There are 2 protein chains.
Amino acid sequence: MAKSTEGRGKSARTLAAILEAAEMLFARKGFDGTRLEDVAAAVGIRRPSISYYFRDKRVLYKAVQSAVLSGLRQRILGALARGAAPLERIENAITAWVHYVGERPATALIIMREIVETPGGRGPAAAEFLAPIVTAIRKEVEEGQRIGHFRAAEPLHFVFNIVGATTFFVTAGPILAPDLPFDPLDAEKQENHLFECLSVARRLLGVEAGSRVGAAAEGAAAK
Amino acid sequence: MAKSTEGRGKSARTLAAILEAAEMLFARKGFDGTRLEDVAAAVGIRRPSISYYFRDKRVLYKAVQSAVLSGLRQRILGALARGAAPLERIENAITAWVHYVGERPATALIIMREIVETPGGRGPAAAEFLAPIVTAIRKEVEEGQRIGHFRAAEPLHFVFNIVGATTFFVTAGPILAPDLPFDPLDAEKQENHLFECLSVARRLLGVEAGSRVGAAAEGAAAK
DNA sequence: GTCTATAACCCGATAGAC
DNA sequence: GTCTATCGGGTTATAGAC
């Protein structure tokens, strides 16, 4: 929007390249494991040049985290706003979630890293982005319970199950089944996973598998 | 067994204390985030004394990982051996899994850390312990499919879903719902989670929720 | 067995030239 | 904008006294 983020200058291109390289590296190696030197090398510049764009490493990390997670938040809250009944809105949100993670695999790794770093006390961090999403889902589940569409159950369990399932689907292959060729980025496997998530969601919400509410708004939810 | 691990000397007690402190710290802060000095402080000794028991930091980490994950493997494979039909054996394994993680919360964090570190290439690591478990479950699912008890589906999806759900159940509260008081160690919430895992498992395997196969061997599985 | 003291290393941050 | 050079904090590993 502003000239600082949209210019066509060398500056803007370098900045974008730094963010892109940092997203991949932070996701794969974590904050400590990523050397600023590696980010610079991936961009084709030298370490101190990064300081020209980001005051220090933590600021760079925050920028990456913000880009990934605010994109996720926007997608899910947008999807959640579409749909007539709670079940439909929730299914749109799940669809948006699975698709976003599929498009931007760093998402899953960054979320896992944030979860795992939180008990250590290093930074409040991602809660700023993720908590609003979870709250919105929870409200939707509670609304569905109130009007008798869903069974009574702890909404958080529902959230943890879906988020955990997709996150592991994308990341856990290499360690849980290292000798199997499992590609989570394969489109067919991904739709398969989405289908199972929707099925599990209905089971957890106490909705019979019959009715066919969700699949309609799919195109809108994905974009 | 041998005198080196079972002796009543000061040595054995210090070693056990180091392992215990390191398990908590590695789980909470990770490999890089844990300073040997903190481990020493938790035990009440000084940093170089750790070197007397473990040649370097990596060896200490491996020892912790081995303790946690080989315990898990033993528990799950043991549970999987009990039960007449695939469904019953799988339900025993899920029960053992949820209970183990509940008893030893470091398990979930260490598994997540291993998953997240693997793409970074730092150490082959936990696959040695986890892959055999997953393979055994997979075989059981495939057997159930072969004899027509389960629907056809990718067994790995099933595994990722259950493992991801429990892992997030235990760890994700502080970051996904920071303002809610959510205690995953609460016994009632844990049984609730187990119940939902079993329900989800049946859904994913295509088994009707009706029959009451699993709950019997529970006591044996937990011990 | 446990300590003190120190060596060696890595990496992020900064000064300042171009 | 990007570089070279350097400083400095923090942590591991090790030598050697007790």
Side-chain angles (χ1 to χ4, degrees), chain A residues 2-26 28-65 113 117 120-123 125, chain B residues 2-65 113 117 120-123:
Chain A
K3 63 171 184 285
S4 64
T5 65
E6 254 306 331
R8 218 163 248 83
K10 196 175 186 180
S11 183
R13 267 183 292 117
T14 303
L15 187 140
I18 292 173
L19 282 171
E20 189 184 336
E23 177 171 327
M24 183 189 70
L25 286 165
F26 279 138
R28 291 219 285 227
K29 310 215 183 218
F31 183 82
D32 291 332
T34 299
R35 295 178 308 176
L36 254 17
E37 170 138 15
D38 295 338
V39 177
V43 175
I45 58 181
R46 302 242 171 228
R47 186 164 68 261
S49 299
I50 294 178
S51 307
Y52 179 78
Y53 298 93
F54 299 93
R55 183 152 38 75
D56 63 21
K57 195 183 184 184
R58 194 165 294 257
V59 169
L60 173 58
Y61 182 81
K62 269 300 219 176
V64 168
Q65 181 189 86
R113 288 192 183 279
E117 302 292 289
R122 185 151 48 193
Chain B
K3 63 171 183 286
S4 64
T5 64
E6 254 308 332
R8 220 163 247 85
K10 195 174 186 180
S11 183
R13 267 182 291 119
T14 303
L15 188 141
I18 291 172
L19 282 172
E20 189 186 336
E23 178 172 327
M24 184 189 70
L25 285 166
F26 279 138
R28 292 219 284 228
K29 311 218 183 212
F31 183 81
D32 290 332
T34 299
R35 294 178 310 177
L36 253 19
E37 171 140 13
D38 295 339
V39 178
V43 176
I45 58 180
R46 303 240 170 232
R47 185 164 67 261
S49 298
I50 294 178
S51 307
Y52 179 79
Y53 298 93
F54 300 94
R55 183 149 34 75
D56 62 22
K57 196 183 183 183
R58 194 166 295 257
V59 170
L60 173 58
Y61 183 80
K62 269 300 220 176
V64 168
Q65 181 189 85
R113 287 192 184 278
E117 302 294 287
R122 186 152 48 192

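Every heavy atom of this structure was used, including side-chain atoms; hydrogens, water molecules and symmetry mates were not. Computed from a predicted model, the values in this text were never measured in an experiment. Letters A, B, ... mirror the listed sequences (proteins, then strands); counts begin at 1.
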For the pair made of [atom1] in [X] and [atom2] in [N], what is the distance, rounded to whole Å?
{"X": "B/Arg13", "N": "C/dT2", "atom1": "CZ", "atom2": "C1'", "result": "14 Å"}
{"X": "B/Arg46", "N": "D/dT11", "atom1": "CZ", "atom2": "P", "result": "16 Å"}
{"X": "B/Asp56", "N": "C/dC9", "atom1": "CG", "atom2": "C1'", "result": "15 Å"}
{"X": "A/Lys10", "N": "D/dG1", "atom1": "NZ", "atom2": "P", "result": "8 Å"}
{"X": "B/Leu36", "N": "D/dG10", "atom1": "CG", "atom2": "P", "result": "17 Å"}
{"X": "A/Tyr61", "N": "C/dA13", "atom1": "OH", "atom2": "C1'", "result": "21 Å"}
{"X": "A/Phe31", "N": "C/dC11", "atom1": "CZ", "atom2": "C1'", "result": "11 Å"}
{"X": "A/Ile50", "N": "C/dC11", "atom1": "CD1", "atom2": "C1'", "result": "13 Å"}

Out of A/Met24, A/Lys29, A/Arg28, which one pairs with A/Thr34 under the side chain to side chain contact (heavy atoms under 4.5 Å, CB included) rule?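 Among A/Met24, A/Lys29, A/Arg28, the one that satisfies the side chain to side chain contact (heavy atoms under 4.5 Å, CB included) with A/Thr34 is A/Lys29.
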Does [N] have OP1 or OP2 under 4.0 Å away from a side-chain N or O of [X]?
{"X": "B/Arg55", "N": "D/dA13", "result": "no"}
{"X": "B/Thr14", "N": "C/dG1", "result": "no"}
{"X": "B/Tyr52", "N": "C/dG1", "result": "yes"}

What nucleotide among [options] has an atom nearest to a side-chain atom of [X]?
{"X": "B/Lys57", "options": "D/dG1, C/dG1, D/dA13", "result": "D/dA13"}
{"X": "B/Ser49", "options": "D/dT2, C/dC3, D/dA13", "result": "C/dC3"}
{"X": "B/Ser51", "options": "D/dT14, C/dG1, D/dC3", "result": "D/dT14"}
{"X": "A/Pro48", "options": "C/dT4, C/dT2, D/dA5", "result": "D/dA5"}
{"X": "B/Arg35", "options": "C/dT4, D/dT11, C/dG12", "result": "D/dT11"}
{"X": "A/Tyr53", "options": "C/dT14, D/dA13, D/dG1", "result": "D/dG1"}
{"X": "A/Arg47", "options": "C/dA15, D/dA13, D/dT6", "result": "D/dT6"}

So, for [X] and [Y], which heavy atoms are closest and what is the spacing to 0.1 Å?
{"X": "B/Arg58", "Y": "B/Phe31", "value": "CA-CE1, 3.9 Å"}
{"X": "A/Ile18", "Y": "A/Leu60", "value": "CG2-CD1, 4.0 Å"}
{"X": "B/Ala63", "Y": "B/Leu19", "value": "CB-CD2, 3.8 Å"}
{"X": "A/Ala40", "Y": "A/Arg47", "value": "CB-N, 3.6 Å"}

Pairwise 5' ranking along DNA chain D for B/Asp32 and A/Ile45, keeping only the more 5' one: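 Closest to the 5' end, via its nearest nucleotide, is A/Ile45.
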